[in-house]
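Single-structure report; data block below.
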Amino acid sequence: MKATQPTVIYFGHDSAGYGPPKVFLRTLLYSTAKRGRVIQSMRATLARGDVRHSFHIWVYGDKSLLRGSGLFVGETGVAANHHFMNPNDGGFSFVEGVYELEIVAQLVGDKQPITLLTQTLEVTRDLAAALEDHLAGLYFDWGPDSRYVSHIDKRSVAPSPEALMKLIGDARSLGEAKDEVS
């Protein structure tokens with residue numbers, strides 16, 4: 001089982017800034033075995049100096065996201081977005097430093113997990129400061145000169161979950177009022 005060089009790697013927060021920190025990447029997973037293999041689970045680990053943090057919730061897909069478990073990967077491969085999160089942040093934040101990203105897969109039938117990918121990425125002081133805003137995300141895009149180019153992308157301000165629920169309630173009320181008039 002192998003992975004291609006990810007075209008994009010992301011460090012930031014999930015759910016429009018309200019969720020915990022996450023690692024996202026896009027890659028092609030492919031099997032070197034003629035009959036293919038099944039991935040039972042995957043995780044991402046970020047190491048910076050002596051600090052290691054595992055993102056053990058794996059979700060993948062393009063249009064609809066699926067909780068990872070039992071993904072068959074054949075010779076031709078599976079290209080997808082892969083999201084790695086935790087149910088809570090565990091006090092983790094993206095700070096300045098050089099990070100070693102490791103993507104590990106547990107294959108069905110194997111006792112030991114395998115490393116699919118390791119990548120060194122740097123978060124500069126300015127990038128770390130920008131990531132203090134949970135609406136900001138750090139993208140590492142694979143460039144044509146065989147290196148990652150980093151940039152910050154800031155989402156527009158999203159409504160809070162409470163404000164979103166109020167909007168849904170207001171829309172339902174309008175729909176019910178319209179039905180009563182009809």
Side-chain angles (χ1 to χ4, degrees), residues 2-29 41-68 71 77-105 115-168:
K2 299 212 180 218
T4 60
Q5 185 72 47
T7 53
V8 63
I9 299 172
Y10 168 87
F11 293 172
H13 285 81
D14 196 33
S15 302
Y18 295 104
K22 82 173 191 177
V23 173
F24 160 86
L25 57 92
R26 179 155 183 89
T27 190
L28 172 82
L29 301 173
S41 64
M42 283 178 48
R43 74 175 183 274
T45 301
L46 280 180
R48 183 183 49 80
D50 293 338
V51 176
R52 292 180 62 82
H53 189 81
S54 253
F55 297 82
H56 60 274
I57 296 175
W58 166 48
V59 180
Y60 68 94
D62 291 326
K63 293 181 181 163
S64 64
L65 297 178
L66 303 167
R67 181 79 180 252
L71 174 64
V78 176
N81 296 325
H82 299 272
H83 305 254
F84 300 94
M85 300 161 284
N86 279 328
N88 57 45
D89 65 12
F92 180 83
S93 60
F94 297 101
V95 297
E96 176 183 5
V98 176
Y99 289 83
E100 183 79 17
L101 170 64
E102 180 181 40
I103 305 298
V104 175
T115 299
L116 297 176
L117 165 73
T118 57
Q119 182 65 53
T120 302
L121 300 160
E122 182 176 6
V123 176
T124 64
R125 178 176 291 145
D126 290 342
L127 294 172
L131 284 174
E132 289 177 12
D133 179 349
H134 286 200
L135 293 175
L138 173 55
Y139 288 88
F140 297 93
D141 292 314
W142 188 244
D145 55 352
S146 300
R147 68 183 180 97
Y148 282 104
V149 177
S150 59
H151 66 92
I152 292 285
D153 186 30
K154 188 171 178 185
R155 299 178 194 121
S156 59
V157 177
S160 69
E162 295 80 19
L164 189 55
M165 292 306 293
K166 182 179 180 330
L167 287 172
I168 291 169

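Just so you know, these numbers use all the heavy atoms, side chains as well, and skip hydrogens, waters and symmetry mates.
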Run Leu131 and His13 through side chain to side chain contact (heavy atoms under 4.5 Å, CB included) and show every step you take.
CA-CA 9 Å; Leu131 284 174; His13 285 81; over 6 Å; no
Once side chain to side chain donor-acceptor pair (under 3.5 Å) is applied, do any residues pair with [X], and if so which ones, sequence neighbours excluded?
X: Ser54; result: Thr45
X: Ser41; result: none
X: Thr4; result: Thr27
X: Tyr148; result: Gln5

Not counting sequence neighbours, which residues clear salt bridge (Lys or Arg N to Asp or Glu O under 4.0 Å) with [X]? List them please.
X: Arg43; value: none
X: Glu122; value: none
X: Arg52; value: Glu102
X: Asp62; value: Arg26

Any side-chain heavy atom of [X] within less than 4.5 Å of one from [Y]?
X: Pro20; Y: Phe92; value: no
X: Asn86; Y: His53; value: yes
X: Leu71; Y: Met42; value: no

Hey, what do you get for [atom1] ([X]) to [atom2] ([Y]), rounding to the nearest 0.5 Å?
X: Leu121; Y: Phe94; atom1: CG; atom2: CZ; value: 11.0 Å
X: His83; Y: Tyr10; atom1: NE2; atom2: OH; value: 10.5 Å
X: Ile9; Y: Gln119; atom1: CD1; atom2: CD; value: 5.0 Å
X: Leu135; Y: Ile152; atom1: CG; atom2: CD1; value: 12.0 Å
X: Ile103; Y: Leu25; atom1: CD1; atom2: CG; value: 5.0 Å
X: Leu65; Y: Tyr60; atom1: CG; atom2: OH; value: 10.5 Å

Checking Leu46 against Phe11 for the side chain to side chain contact (heavy atoms under 4.5 Å, CB included) test, could you report, in this order, the C-alpha distance in whole Å, the side-chain angles of both residues, the deciding distance, and whether it holds?
CA-CA 10 Å; Leu46 280 180; Phe11 293 172; 3.7 Å; yes
Which heavy atom of Ala80 sits nearest to which heavy atom of Gly61, and what is that distance?
CB-N, 4.2 Å
Minimal heavy-atom distance between Ala3 and Leu29, with the atoms involved, is CB-CD2, 3.8 Å
Ala128: partners by side chain to side chain contact (heavy atoms under 4.5 Å, CB included), with sequence neighbours left out:
Glu96, Val123
Residue set satisfying side chain to side chain contact (heavy atoms under 4.5 Å, CB included) with Ser64, at least two apart, ordered chain then number -> none
Anything under 3.5 Å between a donor and an acceptor, one on a side chain of residues 136-146, the other on a protein residue two or more places apart or in another chain? List them.
| unit_1 | atom_1 | unit_2 | atom_2 | d |
| --- | --- | --- | --- | --- |
| Asp141 | OD2 | His151 | NE2 | 2.8 |
| Asp145 | OD2 | Arg147 | NE | 2.9 |

